[in-house]
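Single-structure report; data block below.
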Amino acid sequence: RFRGVWLHPDPGPPGDSLRLRLQVQKAPSRMAGLGLAYDNDLGARLWVGGVDWRIVDRAAEASAAAFFGGLETRIALGLRRTWRSSAIPRPTVTLTLSDQEFPTFDADGNELARLDTRQAVGFVGLERLFGAQWVVDAGLEGRAWEEPTASHQRSGGAVVRVLRADPDGDARFDLSLEWADRYRRGSLDWREPIRWGRLTVTPRVRAAIGDSLPLQLTFPLGGDDGFPGLHIYELRGDRELFGSMAVAVPVAGSLQVRGEAAAGQVSYGGAGMALDDWHVGGRIGLGIATPLGPARLEYGVTRGFRNQVLLRVGRWF
């Protein structure tokens, strides 16, 4: 409710008195923002959104955001109880509408076709803030979707999510568990930069498993960063194991030399994952800070001498 409170102490008459001239700066009742990103494999992406804290005499807040480009169009709406205390969970209702394309590739990485999906997802539950960066959501989620092989599908169930929202975006912890009547899904994405002198070493782990997943809930190898040497989202499945280690060394100002080694695999169906089907690859290139976020230009290679250039400006969303 407040942006700041200035005391402005002022010595009073001679003696032990002290006067305060309070100056209260109220928090804005509305806020809007936008974000931009570009990837040479996915194209340009834009989001624009806003929050209004004046709903029902500031007892609730409403949010809306729209996302365009990069294979997906999405609208996200939310209504939440205004934070009174971080120790008290707040009721939350959200609705997300999306239209997403999924590219398919042959064994040599040539794009074949794009599969289109549409879905509407509603969530009703509680949201709890822990500290300044951790958020936990728990509640009921309903989903209706259409995909090329399944139209007019519906499902509902329970969901729990734990998210670390790091201000600079370098660190990440995202745990999601869903148990619906049509599918089950669990995923973990963890990344944590470690400063060691002038070096920044960033390990990352992704692990996921699902059962009877619709196409839009399957797991792409490497997530939004993809896998070195492959197209973004080229490989996906209902199970994923992925690990990487990135190293960044500053050379001049915010300019860095970057290197990354990665290994992982995805698979569909079956009881386990084949031990001889691992992908191993690496990237090397440059990174620099820009007004739109970090920019990266890297060359990646994987088995079979598959190679791919990654050019990205901003943080993908």
Side-chain angles (χ1 to χ4, degrees), residues 35-47 67 69-72 103 105-111 164 166-174 189-207 219-236 240-266 278-317:
L36 298 169
Y38 173 80
D39 183 278
N40 65 308
D41 211 9
L42 302 175
R45 188 152 172 79
L46 162 73
W47 74 262
F67 304 78
L71 304 180
E72 181 190 22
F105 301 86
D106 63 17
D108 296 323
N110 300 309
E111 185 172 339
R164 178 183 179 185
D166 187 68
D168 60 16
D170 291 330
R172 178 180 181 86
F173 183 93
D174 190 347
D189 189 347
W190 171 81
R191 176 176 60 214
E192 188 72 35
I194 302 171
R195 270 79 180 182
W196 185 23
R198 299 180 69 244
L199 297 180
T200 300
V201 180
T202 306
R204 186 182 185 190
V205 174
R206 286 173 55 91
F219 309 106
L221 183 61
D224 289 337
D225 285 342
F227 193 87
L230 302 179
H231 293 283
I232 308 293
Y233 309 144
E234 180 174 338
L235 299 178
R236 64 173 55 244
E240 178 193 10
L241 287 175
F242 172 86
S244 68
M245 184 72 70
V247 178
V249 184
V251 291
S254 63
L255 182 65
Q256 298 177 329
V257 174
R258 296 172 49 88
E260 179 184 12
Q265 63 169 306
V266 292
W278 284 85
H279 291 264
V280 178
R283 289 188 181 118
I284 188 168
L286 299 174
I288 192 171
T290 75
L292 294 178
R296 299 162 56 188
L297 176 60
E298 299 174 0
Y299 174 79
V301 63
T302 186
R303 68 184 187 185
F305 297 102
R306 286 281 309 278
N307 59 87
Q308 184 77 10
V309 173
L310 172 67
L311 171 60
R312 178 171 291 180
V313 180
R315 301 188 186 278
W316 201 253
F317 46 87

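All values reported here derive from a predicted model rather than from experimental measurement. Scope of the values below: all heavy atoms of this structure, side chains included, with no hydrogens, waters or symmetry mates.
Using a 4.5 Å cut-off on side-chain heavy atoms (C-beta onward), Thr200 and Ile194 make no contact. Within the 4.5 Å cutoff, no side-chain heavy atoms of Gln308 are placed close to those of Glu234. Counting heavy atoms from C-beta outward, Leu310 and Glu298 have side chains that approach closer than 4.5 Å. Using a 4.5 Å cut-off on side-chain heavy atoms (C-beta onward), Thr302 and Pro228 make no contact. With contacts defined as side-chain heavy-atom distances shorter than 4.5 Å, the pair Glu260/Asp225 does not qualify. Taking the side chain as every heavy atom from C-beta outward, Ser244 and Phe227 never approach each other to under 4.5 Å. Side-chain contact between Val201 and Met245: present, with at least one pair of heavy atoms (C-beta onward) separated by less than 4.5 Å.
A salt bridge is absent between Arg191 and Asp174; no separation between the charged side-chain nitrogens and carboxylate oxygens falls under 4.0 Å. The pair Asp224-Arg312 does not meet the salt-bridge criterion, since no charged nitrogen lies less than 4.0 angstrom from a carboxylate oxygen. Taking a cutoff of 4.0 Å between a charged side-chain nitrogen and a carboxylate oxygen, Arg306 and Asp108 do not qualify as a salt bridge.
Under a 3.5 Å cut-off, the side chain of Asp170 and the backbone N or O of Pro193 do not form any donor-acceptor pair. Using modelled atom types, no side-chain atom of His231 and backbone atom of Asp41 make a donor-acceptor pair closer than 3.5 Å. Between the Gln256 side chain and the Val247 main chain, no donor and acceptor come within less than 3.5 Å of each other. Of the possible polar contacts, none joining the Thr202 side chain to the Glu192 backbone as a donor-acceptor pair under 3.5 Å is found.
The heavy-atom pair separating Pro103 from Leu71 by the smallest distance is CD-CD1, 3.8 Å. The minimum heavy-atom distance between Leu221 and Leu241, with the atom names listed, is CD1-O, 4.1 Å. Among all heavy-atom pairs drawn from Tyr38 and Ala44, the shortest one is CD1-N, 3.9 Å. The two residues Ala248 and Arg258 make their nearest non-hydrogen contact at CB-CG, 4.2 Å. Nearest heavy-atom pair across Leu235 and Leu230 is CD1-CD1, 3.7 Å. Here the shortest heavy-atom pairing between Pro220 and Tyr233 reads CB-CD2, 3.7 Å.
Using cut-offs of 30° and 60° for the angle between ring planes, the Phe317 and Trp47 rings count as perpendicular.
To the nearest 0.5 angstrom, Arg296 atom CZ is 14.5 Å from Ile288 atom CD1. Atom CZ of Phe219 sits about 10.0 Å away from atom CZ of Arg236, to the nearest 0.5 Å. Atoms CZ and CZ, from Arg206 and Phe242 in turn, are 7.5 Å apart once rounded to the nearest 0.5 Å.
Scanning for ring-ring contact (aromatic ring centres under 6.0 Å, His included) contacts around Tyr299 gives an empty result, with sequence neighbours left out.
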Audit row: Trp316, Arg45, side-chain contact (heavy atoms from CB on, under 4.5 Å) steps and yes/no: CA-CA 8 Å; Trp316 201 253; Arg45 188 152 172 79; 3.6 Å; yes
